[in-house]
Amino acid sequence: MPRFPRLAGIATAAVALAALAAAPTSAKEPTLTDPRVVEHFDFAAGQTPESIALEPDGSANVTFALARQVARLSPHHEPRVIAELPAVAGQNTPITETAVATGLVRAHDGTLYVNYATGTKLTGIWRISPKSHHVKQIACLPKNGFPNGLALDEHHGVLYSADSVRGTVWRVPAKGAQGHDCLKPKAWATGSKLERSAPPTGFVGANGLKVRHSAVWVTNSDKGLLLRIPVKKNGSAGKIQTRATGLTNVDDFAFTGRDDTILAALFTDNKVALVRPNGTHRVVLTAKDGLSNPSAVAVQGKTVYVTSPAFFTMQDPNLLLATLNKHHS
């Protein structure tokens with residue numbers, strides 16, 4: 001197992017970046033300042049950070065997609081692999097043709113959940129225990145699908161998984177099945193807005209996923225859409241709403257605060273866009289800042305984290321930090 005390079009002090013960098021934040025202006029819109037790459041990874045070793053889930057202390061859990069690993073980047077320790085998903089023989093994974101670890105979320109008790117796309121019966125949602133880091137498959141998803149974005153509604157004890165090939169959002173009990181069974185969930189949401197074009201202009205449909213204010217938010221990379229799906233009182237999906245368009249090859253995203261402003265990764269364009277609640281958007285980070293096919297965004301306090309797996313550039317997969325400045329009138 002390759003040894004990771006030393007993390008360039010996430011906690012220290014976050015404090016420094018916050019201190020350098022620009023003074024508030026009359027504009028209400030958030031801005032980003034002081035972007036910097038704090039960690040570089042090894043593409044040849046499969047260290048391609050696809051998704052990110054943050055710890056309370058600012059440590060970052062990331063999926064190294066091509067290595068089938070989950071790694072933790074801690075402020076005062078060497079980065080380390082905390083879990084590795086099982087190798088797959090005879091795989092025929094849609095899109096990638098190789099097994100990949102994709103979406104990642106964290107529960108308050110430290111349990112991690114990760115999507116695994118394999119083209120086999122191992123395709124599904126896997127749970128990583130917080131102390132032993134034991135991995136167990138808790139949901140079996142279709143082997144001809146591609147589970148990608150993952151979100152946790154801890155209040156209702158359910159997980160949502162976006163299938164990028166089947167244009168489906170799955171809903172799964174976070175506790176999994178009783179005994180040693182593997183759940184086979186029913187589709188929670190389907191529809192043309194979640195599907196790829198026919199024929200696809202890209203290769204990924206439903207992708208990034210978040211739960212917020214009794215709704216599931218989803219991106220469609222192929223169609224450049226940001227979508228919102230209300231969760232009804234009985235748990236079923238409401239009508240799919242389009243909240244933004246024109247987000248070329250949009251991947252995962254994060255909300256910046258209490259309103260519906262988000263930061264979204266545009267992976268083929270090597271950009272991060274700020275998307276306003278009214279659906280308009282502007283670019284706030286580019287390849288000049290260090291992005292290399294960015295795939296995921298996370299926000300903690302005034303710090304923005306962006307992962308770049310470099311799937312297409314194949315150069316400099318990395319973790320970037322920036323300062324989030326929330327202005328008030």
Side-chain angles (χ1 to χ4, degrees), residues 2 41-53 61-71 81 83-105 113-126 128 135 137 139-150 161-170 194-209 218-224 248-252 265-270 291-296 307-318:
F41 302 109
D42 184 353
F43 184 87
Q47 295 176 3
T48 47
E50 158 69 13
S51 188
I52 185 168
N61 300 295
V62 300
T63 49
F64 283 150
L66 298 180
R68 314 183 323 276
Q69 296 171 337
V70 175
V81 171
E84 185 167 318
L85 296 167
V88 177
Q91 57 191 298
N92 186 26
T93 311
I95 300 176
T96 59
E97 298 183 351
T98 187
V100 289
T102 54
L104 182 70
V105 291
Y113 299 89
V114 59
N115 272 335
Y116 192 27
T118 70
T120 74
K121 65 181 181 181
L122 297 183
T123 295
I125 302 173
W126 290 68
I128 303 171
V135 297
Q137 187 175 11
C140 295
L141 299 177
K143 65 181 181 181
N144 62 350
F146 192 88
N148 204 337
L150 187 65
S161 176
D163 193 316
S164 295
V165 168
R166 298 171 65 95
T168 299
V169 176
W170 306 97
L194 296 170
E195 298 170 353
R196 295 181 291 178
S197 304
T201 56
F203 54 88
V204 176
N207 193 340
L209 196 67
V218 193
T219 59
N220 184 321
S221 300
D222 187 41
K223 296 180 178 179
T248 304
N249 285 319
V250 60
D251 201 319
D252 207 2
L266 311 180
F267 59 89
T268 56
D269 284 357
N270 295 312
L291 300 180
S292 186
N293 304 137
S295 59
T307 55
S308 286
F311 287 137
F312 302 106
T313 64
M314 294 185 286
Q315 296 180 354
D316 191 27
N318 65 64

Kindly determine whether Ser295 and Asp251 satisfy side chain to side chain donor-acceptor pair (under 3.5 Å), including the steps that lead there. CA-CA 5 Å; Ser295 59; Asp251 201 319; 4.9 Å; no
With a 3.5 Å distance limit and no angle check, can you tell me whether [X] reaches the backbone of [Y] through a side-chain donor-acceptor pair?
X      : Y      : value
Thr98  : Thr96  : no
Thr102 : Pro147 : yes
Asn61  : Ala53  : yes

Would you say the side chain of [Y] lies within less than 4.5 Å of the side chain of [X], judging by non-hydrogen atoms?
X      : Y      : result
Asn293 : Asn270 : yes
Thr248 : Leu266 : no
Leu194 : Arg166 : no
Phe146 : Val100 : yes
Glu50  : Leu66  : no
Ser197 : Lys223 : yes
Ser161 : Tyr113 : no
Ile125 : Trp170 : no

Going through the distances and angles, do Asp316 and Ser292 end up as a side chain to side chain donor-acceptor pair (under 3.5 Å)? CA-CA 7 Å; Asp316 191 27; Ser292 186; over 6 Å; no
Thr123: which of Asn144, Asp163, Thr118 passes side-chain hydrogen bond (donor to acceptor under 3.5 Å, both in side chains):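 In the set Asn144, Asp163, Thr118, the residue that makes a side-chain hydrogen bond (donor to acceptor under 3.5 Å, both in side chains) with Thr123 is Thr118.
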Does the plane of the ring in Phe267 sit parallel, tilted or perpendicular to the ring in Phe312? Use 30° and 60° as the thresholds. parallel
